[in-house]
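In this text the structure is predicted, and so the values were computed from the model without any measurement. Values reported hereafter were calculated over all heavy atoms of this structure, with side chains retained and with hydrogens, waters and symmetry mates removed.
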Amino acid sequence: FGSRSAATGGRPMAIGSRGANVLAPGTVGGGDGGLMAAQADIVDGAVSQEEEPSAIEVAEPFFEPVCKAADKELQTFGAIRAVACTQQNIITGSSRPVVKVWQVAEAAISEVSRMKHGAVGSSCLEPANDGRLLAVCSDDGSISLWDLRQASLARSLASSIGNSWKARFLKGDSSLASGGPSGSICFWNLGDGRLEEEVSAPSGGPPPGSRGQPEAKRQKGQAASPVFSLAVSSDGRLLGCGRMSGDLSIMRLQGREWVGDVRAHLAGGGGPARGLSFDPTSRLLLSGGDDQHVCVLDAASWSRRRAAGETRWPQLERFPAHRGWVTSTAVCPDPARRVVLTTGWDSAVNLWDFSNHALLRTYKEHADGAGVVASAFAPDSGRWFVTAGTDGQLALYAVKAPEET
């Protein structure tokens, strides 16, 4: 195994710590980029792409590959584009107008049902927290709700392409948040399917008390950056939003109030934040982007309401994760395992200890040259996870049972 840590010679770093490569305010991202993000204190673990991870001694790996399954309909044309998990099932979406449900059994994955929708593929699959309902975002702008027990359509929302790339259930499963090219967040009442509210993107500028940085609002007529990823904290208080610009937006769900933006992913002055996950404590927000890095933001601290005159600065750490775009991030829901799973266009699946940026293991279960585009942990226990690639393959990994003595 190997590790990459943030320019500290392998020493663990606490979130918000000050160290090498702390960038001065105003230097991140190369200009305001229209919608100016708060310039966070960044501890950057950037290394050259030719540099190899340094070797470290690690205890037994948490997870081992168990089995694979091929979606044979996609091996000649199309690709798996989205994956989600319930307690016992894996759900996949692709460039074809069908969502498939796969059962996880003893060392095997088998297709058990499918749900056909419209005439286009799907960009996001989101199971409700109780595992009974599934939200499907389709390429034509529709969001459909499916009863997973009956494999039947329960309701369709009056969404559009502008607000339906990604969706997340809120705590209690009675509401859904969605976002897309418009940059706004829509909130849907699932009892009657109506749009409750559409909240525009933050207007720009740093948060109050942020070292006196001048506020830079979007220029007149300049659109908000599209939404590429969404995440909801397990305590139901925060919504995280990854944007095409590489910014991360944070919203307090009580009152649906934006905290602001943090400039996180920096490739070419901004690259999409494609992966987004909160840790089980609802404190940290982890993202992966086209700059090949993972960012760790202390979202809970930054989003706390400020007293009059209080100065606070978003704390962000970055570390290199892949040799291509980071396509997804998935944090293990078990608080005892502080690990994040990342996938990339470099065909790799990496497992990291996000508390110290240590690379615990790299998996190569997908075909060489195939991008690994999606990943998900089993909810609650996190005892297994799944990855999906452009090779049409699903790979299952599970906690290694302790060896008998």
Side-chain angles (χ1 to χ4, degrees), residues 1 61-75 78-95 99-105 107-111 121-127 166 228-229 231 274-277 286-290 292 294 321-334 337 339-354 359-379 381-400:
F1 310 133
F62 293 111
F63 299 89
E64 291 288 347
V66 175
C67 64
K68 298 180 187 179
D71 188 328
K72 296 180 179 179
E73 294 178 351
L74 299 177
Q75 291 188 309
I80 297 175
R81 295 164 57 182
V83 67
C85 296
T86 63
Q87 291 289 355
Q88 296 179 326
N89 294 322
I90 297 167
I91 309 164
T92 59
S94 69
S95 51
V99 171
K100 298 182 180 182
V101 180
W102 309 73
Q103 187 175 43
V104 178
I109 305 172
S110 57
E111 182 184 335
S122 50
S123 59
C124 176
L125 305 173
E126 168 70 355
K166 300 294 178 182
F228 263 62
S229 53
R274 298 180 185 273
L276 201 63
S277 302
L286 290 88
S287 62
D290 286 8
Q292 306 176 11
V294 167
H322 286 268
R323 300 182 186 278
W325 293 351
V326 180
T327 54
S328 73
T329 61
V331 175
C332 181
D334 182 356
R337 300 187 179 99
V339 296
V340 60
L341 178 71
T342 64
T343 62
W345 276 110
D346 56 0
S347 304
V349 175
N350 290 337
L351 190 69
W352 305 86
D353 182 336
F354 59 80
L359 177 61
L360 302 176
R361 182 157 181 181
T362 293
Y363 304 90
K364 288 285 190 178
E365 298 303 304
H366 293 273
D368 288 343
V372 189
V373 296
S375 62
F377 270 97
S381 68
R383 292 189 60 81
W384 53 268
F385 66 81
V386 63
T387 59
T390 58
D391 56 358
Q393 293 271 355
L394 288 172
L396 181 69
Y397 316 73
V399 173
K400 185 178 181 181

Minimal heavy-atom distance between Pro127 and Leu125, with the atoms involved, is CD-O, 4.0 Å
For Ser229 and Leu276, the nearest pair of non-hydrogen atoms, with its separation, is OG-CB, 3.6 Å
Rounded to the nearest 0.5 Å, the CZ atom of Arg337 sits from the OG atom of Ser381 at a distance of 8.0 Å
Keeping the roles fixed (side chain from Lys68, backbone from Ile109), state whether a donor-acceptor pair exists under 3.5 Å.
no
For Val326 and Gly288, the nearest pair of non-hydrogen atoms, with its separation, is CG1-CA, 3.6 Å
Interatomic distance, CG@Asp353 vs CZ@Phe62, rounded to 0.5 Å, equals 6.5 Å
**OP:** Report yes if the side chains of Pro379 and Cys85 come closer than 4.5 Å at any heavy-atom pair, otherwise no.
**Re:** yes
To the nearest 0.5 Å, atom NZ of Lys400 lies from atom CD of Glu64 at 5.0 Å
Any side-chain heavy atom of Tyr363 within less than 4.5 Å of one from Asn350?
-> no
Q.
Would you say that Ser95 contacts Arg81 through its side chain, given a criterion of any heavy-atom pair below 4.5 Å between the two side chains?
A. yes
Exercise for the section: Show your working on side-chain contact (heavy atoms from CB on, under 4.5 Å) between Val331 and Phe377 and close with a plain yes or no. Expected result: CA-CA 7 Å; Val331 175; Phe377 270 97; 6.0 Å; no
What one should report as the nearest heavy-atom pair of Ser347 and Gly369 is OG-N, 3.2 Å
Tightest non-hydrogen contact, residues Ala79 and Ser94, listed as O-CB, 3.1 Å
Hits for side-chain hydrogen bond (donor to acceptor under 3.5 Å, both in side chains) against Thr342, two or more places apart or cross-chain, chain-then-number order -> His322, Trp352
Residues Ala378 and Pro333: closest non-hydrogen pair is O-CG, 3.4 Å
| Expected output: side-chain Thr343 to main-chain Val349 donor-acceptor under 3.5 Å | no
Check: Is a donor on one side and an acceptor on the other found under 3.5 Å between the side chain of Thr327 and the backbone of Val372?
Finding: yes
Next on the checklist: Just checking Gln88: does its CD atom have more than 12 heavy atoms from other residues, nucleotides or ligands closer to it than 6.0 angstrom?
Outcome noted: no
Contacts of Thr92 meeting side-chain hydrogen bond (donor to acceptor under 3.5 Å, both in side chains) (sequence neighbours excluded), chain-then-number -> Trp102
Donor-acceptor pairs under 3.5 Å, side chain of residues 384-396 to any protein atom, not counting sequence neighbours: which ones?
unit_1	atom_1	unit_2	atom_2	d
Thr387	OG1	His366	NE2	2.8
Thr387	OG1	Tyr397	OH	2.9
Thr390	OG1	Gly371	N	3.0
Thr390	OG1	Gly371	O	3.4
Asp391	OD1	His366	ND1	3.3
Asp391	OD1	Gln393	N	3.1
Asp391	OD2	His366	ND1	3.4
Asp391	OD2	Ala367	N	3.0

